[in-house]
Amino acid sequence: MVRYLWMKKRPNIIIVSNRLAVKVTQKGESWTLDPSTGGLKSALSGYREEQNFHWYGWPGLYVSKKYHSRVQKLLSDQEQATPIFLDRKEIDLFYNQFCNSFIWPLFHYFTTDTTFNSDAWISYQRVNEKFAEAISKKIQPGDLVWIHDFHLMLLPQLLRKKCPQAKIGFFLHIPFPSSEIYRLLPVRTELLYGLLGADLIGFHTYSYARHFRSACLHLLGYESSPEKVQTPEHDAHMGIFPVGVEVERFQTALNQNNVQIEAEYFLKKHQGKKIILGVDRLDPSKGLIQKLRGIERFLKKYPKVREEVIFIQLTVPSRIETREYQKLKRQLDEMVGRIEGDYGSPRHVPLQYLYSSIPYEKLVALYQVADVCLITPVRDGMNLVCQEYVVCQNKNHGVLVLSEFAGAAHALSGALVINPADRDQMAATLYKALFMSKKERELHHQMNYDYVVNNSSQKWGERFISALQVCEPQVAKKKISIEMKLKELKAHYKSAKKRLILLDYDGTLREYAGIPSAATPEKETLNLLKKITGDKKNHSFLVSGRDHSFLSDWFKDMPIGLSAEHGYRYRIPKEKNWKTLMKVDLSWSEIVMPILINFKDRTPGSFVEVKSCGMAWHYRLSDPEFGKWQARELLLQLEEGLSNLPVDILQGHKVIEVRAQGVNKGVFVKKLLVGYDIQPDFILCIGDDQTDEQMFQALPSEAWTCRVGKSHTSARYFISSPKQVRGLLQELLNRPQV
Ligand code: GDG
């Protein structure tokens, strides 16, 4: 059961995917529904038991008009589902050509053999509209719509236009490719606009989200933080939701009689041999050719153990109507034949290759008896098979050998990770996996198992739906100047007993200077801060991106709280010692520094600043056009090059900063509110750039949040310049005239 801990009323959940989660079959005049296999179906099956759940999707086959109402009724009665029927042309153009032969390969980094077909694109748009039409007729206020996968990337925006208030989530089950690959799409901007109609866009891994942000920046010029992309219309939030498997279902199945019988059968059949299992859809992305090459190398390299192992490769037919897949099947058949010929004997056939899907009980039994599971995709959004294997190995502690190109490799730290293109490495790793000590196996398994059981498909669904529910409603809010609310602000300030005042420094309290060290606080500012800190009801902090030594020097005698480097180091008011927000990993500095230095050398007027938890490239003194251009280049390079490192890349005002992951002003402010028990009844927070947004977002909604300049912001108000900020603070401190 899905739990909603904090929700008063359960919302209706509308799931939308290209395919429904059931297989619809026609036999003469009768229609039947059967369970289907596949990643999405597995991931959402926990949810399907919910009462307030409805699914929209294509039944997976052509249904002639005369049967529409019958199939509709069958699906509605038995599956809480509404079919979206596709005609034969749409099945070919939308599904086979645009989705399977164009988007799928490109998003999996297969750039050759993909050609853009404008008829297929028109069909893609029409089918997305068809879905929007059907859903918009039924949607009720408060419903949550969760759209799945690459077939429906235009749907969020289409639905948003029809139902502006709807809560729309989108989850991408496949990788979002590097923006260098994504740029190859002739309809790249259209698809981005389509996705950005969603309130929440979910990805399996942080790298996919980063690639998406990079595409939004470079193709649409939309800036973003790790949490959201800002569009002129609304904020599209982003989240990392690695999909999981049905842990309980597998655990229950393991104890069932029919599974035990199958397991015993396999064990008896392969007595005395170690089993290496592979389960994959027949798809170029799954790296089956690479796997067979690796197996061949293993059999050649380790003749002594050849007869002690058996490879069982279950290859599930998919997209059989597509030429590329037929070609792949032939290639695989040939390779299997060759391996059997070269390494098989009357006594022993080392590779058992099965081209078919098998019943669930048999699959679970195979997962249970296999000593090693070998998963070798060249690209895979996540990969569920490897997680299912882990669940079924809690007794035997089998070893998982996993490609680094599967999203799951980011999560399963106990896997032996390989590059599928390196067959020597694959062979050696297999050997290692087969002969690992019991203790070592247990250690590796435990790391994987902990992750998988704590990240089941059920939790994945709960997390996504909860995150979608808390996304702000998409009513375009027009910001007003805080000065228009001055009376209200003053009254609140005056009546408050404990006030928290959070002020950014550069660009907020003080105008920017060309060289950061020249932006010393003016007398007026120091006097102002003195007055603020002089009032016992005020707890005030300067929350800056600057190094702590600057802040210490300039504000040394002032009893004001200081937060340097976006909160990484801070000093509580009236205390002398600086504290550190969290422990960080800085091993990446050696990679980042040469990149920044390179840009410094190539961009006159720019310079590099080194901080204790990161480094920054400033270009305030460079030619503005050239500086901006170089900044985009640098950003792209950093996003591409650092995608697997624990860093945040931040765009401030004429500065690009690379910082240890997880350090930001928002985290600092949250810590302040929780850890220091201030419990203010008045909060004023003013900042001027992207780095301040996290601070605004971390504060309760009633806080007086204000951004300098009229940029798109999550602050409630704006103010035009640092001069105005100083004026505003002065106003607050002024005693009311008698
Ligand atoms: C896409 C993304 C992402 C397989 N053979 C049989 C069978 N299966 C089940 C497995 C597993 C599922 O099919 C395959 O899931 P994968 O994740 O491995 O692969 P895709 O279908 O490509 O899924 C992928 C996923 O979406 C979810 O977001 O992980 O990256 O490509 O559950 O158990 N089930 C049965 N018999 C079989 O023969 N019963």
Side-chain angles (χ1 to χ4, degrees), residues 16-18 58 84 86 89-90 92-111 114-136 145-164 166 168-203 208-224 228-238 381 474 632 636:
V16 193
S17 64
N18 174 51
W58 174 46
I84 307 288
L86 302 186
K89 227 172 151 192
E90 285 166 340
D92 179 41
L93 288 170
F94 157 78
Y95 185 58
N96 291 336
Q97 294 199 36
F98 199 80
C99 294
N100 291 346
S101 306
F102 184 64
I103 297 283
W104 172 276
L106 251 177
F107 275 48
H108 286 85
Y109 294 69
F110 293 96
T111 52
T114 49
T115 33
F116 177 73
N117 168 343
S118 50
D119 287 339
W121 165 236
I122 292 169
S123 182
Y124 185 85
Q125 295 173 76
R126 287 223 181 102
V127 171
N128 274 254
E129 271 157 20
K130 213 180 223 188
F131 273 82
E133 192 67 30
I135 299 160
S136 62
V145 186
W146 188 5
I147 302 165
H148 290 267
D149 230 358
F150 64 102
H151 315 86
L152 299 171
M153 289 194 277
L154 298 175
L155 186 55
Q157 195 64 270
L158 292 171
L159 208 52
R160 164 82 48 227
K161 285 206 177 113
K162 289 182 192 291
C163 320
I168 304 170
F170 179 92
F171 188 82
L172 187 69
H173 288 261
I174 62 174
F176 193 95
S178 140
S179 60
E180 282 303 308
I181 299 285
Y182 183 78
R183 285 164 66 172
L184 298 171
L185 270 153
V187 291
R188 57 202 188 175
T189 52
E190 288 85 340
L191 294 180
L192 286 182
Y193 282 128
L195 289 171
L196 288 167
D199 297 273
L200 177 63
I201 306 171
F203 301 93
Y208 303 160
R210 192 180 274 173
H211 293 156
F212 174 69
R213 289 176 58 200
S214 177
C216 289
L217 178 68
H218 294 97
L219 298 170
L220 305 179
Y222 289 170
E223 296 196 343
S224 60
K228 60 190 180 183
V229 179
Q230 299 180 333
T231 81
E233 291 80 31
H234 79 277
D235 292 341
H237 294 80
M238 285 171 296
Q474 297 297 348
R632 278 181 187 226
L636 188 64

Trp104/Phe110 under ring-ring contact (aromatic ring centres under 6.0 Å, His included): CA gap, chis, key distance, verdict: CA-CA 9 Å; Trp104 172 276; Phe110 293 96; 9.2 Å; no
State, to 0.1 Å, how close [X] and [Y] come at their nearest heavy-atom pair, and which atoms those are.
X: Pro177; Y: His211; value: O-CB, 3.2 Å
X: Leu158; Y: Ala132; value: CB-CB, 3.9 Å
X: Thr189; Y: Leu220; value: CG2-CD2, 3.8 Å
X: Tyr109; Y: Ser178; value: OH-N, 2.9 Å
X: Phe131; Y: Ser17; value: CE2-O, 3.7 Å
X: Val229; Y: Ser224; value: CA-CB, 3.7 Å

Roughly how far, to the nearest 0.5 Å, is [atom2] of [Y] from [atom1] of [X]?
X: Leu217; Y: Leu192; atom1: CG; atom2: CG; answer: 11.0 Å
X: Leu152; Y: Phe94; atom1: CG; atom2: CZ; answer: 5.5 Å
X: Ile168; Y: Gln157; atom1: CD1; atom2: CD; answer: 8.5 Å
X: Leu196; Y: Cys216; atom1: CG; atom2: SG; answer: 4.5 Å
X: Arg213; Y: Met238; atom1: CZ; atom2: CE; answer: 5.5 Å
X: His173; Y: Asp149; atom1: NE2; atom2: CG; answer: 5.0 Å

Side chain to side chain contact (heavy atoms under 4.5 Å, CB included), that's the test. Do Phe150 and Leu191 meet it? Break it down for me. CA-CA 10 Å; Phe150 64 102; Leu191 294 180; over 6 Å; no
Is it true that a side-chain atom of [X] and a backbone atom of [Y] form a donor plus acceptor pair closer than 3.5 Å?
X: Arg160; Y: Ala166; value: yes
X: Gln97; Y: Ala120; value: no
X: Asn128; Y: Leu154; value: yes
X: His237; Y: Asp199; value: yes

So, do [X] and [Y] sit near enough that their side-chain heavy atoms are less than 4.5 Å apart?
X: Tyr124; Y: Cys99; result: yes
X: Phe98; Y: Leu93; result: no
X: Tyr182; Y: Leu106; result: no
X: Phe107; Y: Leu185; result: yes
X: Leu172; Y: Phe212; result: no
X: Val127; Y: Asn18; result: no
X: Ile103; Y: Met153; result: yes
X: Ile147; Y: Pro156; result: yes

Can you see whether Asp235 engages Gln230 through a side-chain donor-acceptor pair at a distance of less than 3.5 angstrom?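 Looking only at side-chain atoms, Gln230 and Asp235 do not form any donor-acceptor pair under 3.5 Å.
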Test log, rule side chain to side chain contact (heavy atoms under 4.5 Å, CB included), inputs Leu636 and Ser214: CA-CA 7 Å; Leu636 188 64; Ser214 177; 3.4 Å; yes
Under the criterion side chain to side chain contact (heavy atoms under 4.5 Å, CB included), I'd like the reasoning laid out for Val16 against His148: C-alpha separation, chi angles, the key distance, then a yes or no. CA-CA 6 Å; Val16 193; His148 290 267; over 6 Å; no
In plain terms, say whether Lys89 and Asp119 are close enough for a salt bridge, that is, a side-chain N and a carboxylate O under 4.0 Å apart.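 Looking at Asp119 together with Lys89, the answer is no, because their closest N to O distance does not fall below 4.0 Å.
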Would you call the rings of Phe176 and Phe203 parallel, tilted or perpendicular, where under 30° means parallel and over 60° means perpendicular?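 Rings of Phe176 and Phe203: perpendicular, over 60°.
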Show the numbers, then the answer: is there a side chain to side chain contact (heavy atoms under 4.5 Å, CB included) between Glu190 and Gln125? CA-CA 10 Å; Glu190 288 85 340; Gln125 295 173 76; over 6 Å; no
Could you check, using the six-membered ring where one of them is a Trp, whether Trp146 and Phe170 have ring centers closer than 6.0 angstrom?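 No, ring centres 6.0 Å or more apart.
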